[in-house]
Trainee: 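Below is the structure I would like to discuss, written out as C-alpha cells.
One-based numbering, in listed order, for ligands and for the atoms of each. Just so we're clear, the structure is a prediction, and the values are computed from it rather than from any experiment.
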Amino acid sequence: MVNKKIKKIIFPVGGLGTRFLPVTKSLPKEMLPIASKPLIQYAFEEAKKAGIEQFIFITGRNKNAINNHFDHAYELQTVLDEQQKEKQLKEVTDWLPEAGRIAFVRQQEPLGLGHAVWCARHFIGEEPFAVILADEMLMSKDGFLKEMVECFEELNKSIIGVGEVDKRYTNSYGIIDPEKIDFEGKAVYKIKNMVEKPDPENAPSNLSIIGRYILEPEIFKYLSVQTKGKGGEIQLTDAMKEMLKEKEMFALEFKGPRFDCGNQVGYLDANIAYMLEQSEFNSQIKQILKKYI
Ligand code: G1P
C-alpha cells in the first residue's frame, strides 16, 4: 500500500549560482547568509516544521560547505564549550539532524532542476515527497511547507506552492494556469496547465511557482524522459506539465512576504527583512535605511 505521509524531502543544491559570481566560484549559493544563517538552514528548518524525517541533498562539485554545515564541527564546539559560550554552541549544534536522517546524492552534471530531482529517485521510492528550493524564502512562523503538507493530507494529490508575481517578471518563474476551487477557505487552485518562464504576453496568469512542491512518485516517470526545455535544461515544470495530462495537480498560494534570493536584489531584500525582525538590530537597520532614502 502506498504510504501517503510526507516523510522525505529533496533539496536540489547542485546549481552553479551564476547570478552570484564571483562569490559562488567556491562558496555554494545555498550557504549565502540571511542575517547569520545560511539559506539552506532556513529551508531545512521549514522542512522540519512540516514533519519531514529524511533530508536528501542533491549536491555537486564545490558544495562541500553544505555537507560540513550539517555535521559537527568538533574544534569549534570544543573551544565554545571551554569558553562556556552556551548560546553560540547551541547555534552551531542545536538544530543538527539526528545521525542517519540526511543523505547527499551527487548530481554529476548540472543539467537542470528536473534532472536534480530525478537523481533522488532511488532514495524516494514509491511515496510522495517534498522539494524545497532554498533560494526562495517564505517568511512564515510555522513554515509554508507545513500548510502544504496539511493540504496534501486532505487532497492526496500533488501540490505546488505558488505566489503572485509582477506580470513583468513571469519569465523568471514557472507560471500556472489556475482554476480557483472552494477548499476550506484556502487559496487553493486546480492547475489546468503550466509553463516554464513564459514572456509576460504568453503567461497564463501571474501565479508563479515559488520553490515548494509536494509530488507524487509518478513524477519520476515523466522526469526520466529527460527532454531539455527552457535554457537547455531538464525542467521540473515540463515533467509536471506532462504528468498533469494524466493526474490532477493543485496549487496552494502563499500570501506572506516572499524573497527570491536567487537574484541579488531579492537577496538584499531578504537580508533587510530578516535583520529587521531581530529586535537587537531593528533600530540600527532603520537608521541605515533612512540614510539612503
Ligand atoms: C526554478 C523553477 C521555476 C520556479 C523557480 C522558483 O527556476 O524552474 O519554475 O518558478 O525555480 O524560484 P530557477 O530559479 O531555478 O531558474
Trainee: Quick one: does any side-chain atom of Thr170 pair with a main-chain N or O of Ala203 as donor and acceptor, under 3.5 Å?
Mentor: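 Pair absent, no side-chain N/O of Thr170 close to backbone of Ala203.
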Trainee: Using modelled atom types only, decide if a donor and an acceptor are shared between the side chain of Gln77 and the backbone of Ala73 within a distance under 3.5 Å.
Mentor: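 Yes.
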Trainee: Mind checking whether Trp118 and His115 have parallel, tilted or perpendicular rings, split at 30° and 60°?
Mentor: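 Ring orientation, 0 to 90° scale: tilted.
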Trainee: Classify the ring geometry between Phe129 and Phe220 as parallel (under 30°), tilted (30 to 60°) or perpendicular (over 60°).
Mentor: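 Judged by the thresholds at 30° and 60°, the geometry between Phe129 and Phe220 is parallel.
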Trainee: Cut-off 3.5 Å, side chains only: do Lys286 and Asn282 have a donor facing an acceptor?
Mentor: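 The answer is yes; a qualifying pair exists.
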Trainee: Could you tell me whether Asp260 approaches ligand 1 through its side chain, its backbone, both or neither, with non-hydrogen atoms closer than 4.0 Å?
Mentor: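 Neither part.
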Trainee: Please list, in number order, the atoms of ligand 1 under 4.0 Å from a heavy atom of Gln235.
Mentor: 8 (O)
Trainee: How would you list all residue pairs meeting salt bridge (Lys or Arg N to Asp or Glu O under 4.0 Å) that involve residues 98-118, not counting sequence neighbours?
Mentor: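 Matches after skipping sequence neighbours: Glu98-Arg101.
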Trainee: Look at atom 8 (O) of ligand 1 and say which protein heavy atom is nearest, naming residue and atom and giving the distance to 0.1 Å.
Mentor: Glu196 OE2, 2.6 Å
Trainee: Using distance alone, determine whether Lys197 and ligand 1 share an N or O pair under 3.5 Å.
Mentor: yes
Trainee: Return each pair, listed once, that meets salt bridge (Lys or Arg N to Asp or Glu O under 4.0 Å) where at least one residue sits in residues 251-280; pairs must be two or more places apart or across chains.
Mentor: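 Matches after skipping sequence neighbours: Glu136-Arg258.
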Trainee: Counting non-hydrogen protein atoms only, what is the nearest one to atom 12 (O) of ligand 1? Give residue, atom name and distance.
Mentor: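 Checking every protein heavy atom, the shortest distance to atom 12 (O) of ligand 1 gives Glu136 OE2, 2.6 Å.
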Trainee: For Leu133, counting its heavy atoms only, list the atoms of ligand 1 lying under 4.0 Å from any of them.
Mentor: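 By the 4.0 Å cutoff, the relevant atoms are 1 (C), 11 (O).
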Trainee: Of all the non-hydrogen atoms in the protein, which one sits nearest to atom 14 (O) of ligand 1, and at what distance?
Mentor: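 For atom 14 (O) of ligand 1, the nearest protein heavy atom comes out as Arg19 NH2, 4.0 Å.
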Trainee: What part of Thr237, side chain from CB on, backbone N/CA/C/O, both or neither, has a heavy atom under 4.0 Å from ligand 1?
Mentor: side chain
Trainee: Taking distance alone, with N or O pairs closer than 3.5 Å, would you say Ile209 contacts ligand 1?
Mentor: yes
Trainee: Within 4.0 Å of atom 10 (O) of ligand 1 (strictly less), any protein heavy atom?
Mentor: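 Yes.
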Trainee: Judged by atom type as modelled, is there a donor-acceptor pair below 3.5 Å linking the side chain of Glu233 to the main-chain atoms of Leu111?
Mentor: no
Trainee: May I ask you to list the atoms of ligand 1 that are less than 4.0 angstrom from any heavy atom of Gly174?
Mentor: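 Within the 4.0 Å cut-off of Gly174, ligand 1 contributes 3 (C), 4 (C), 9 (O), 10 (O).
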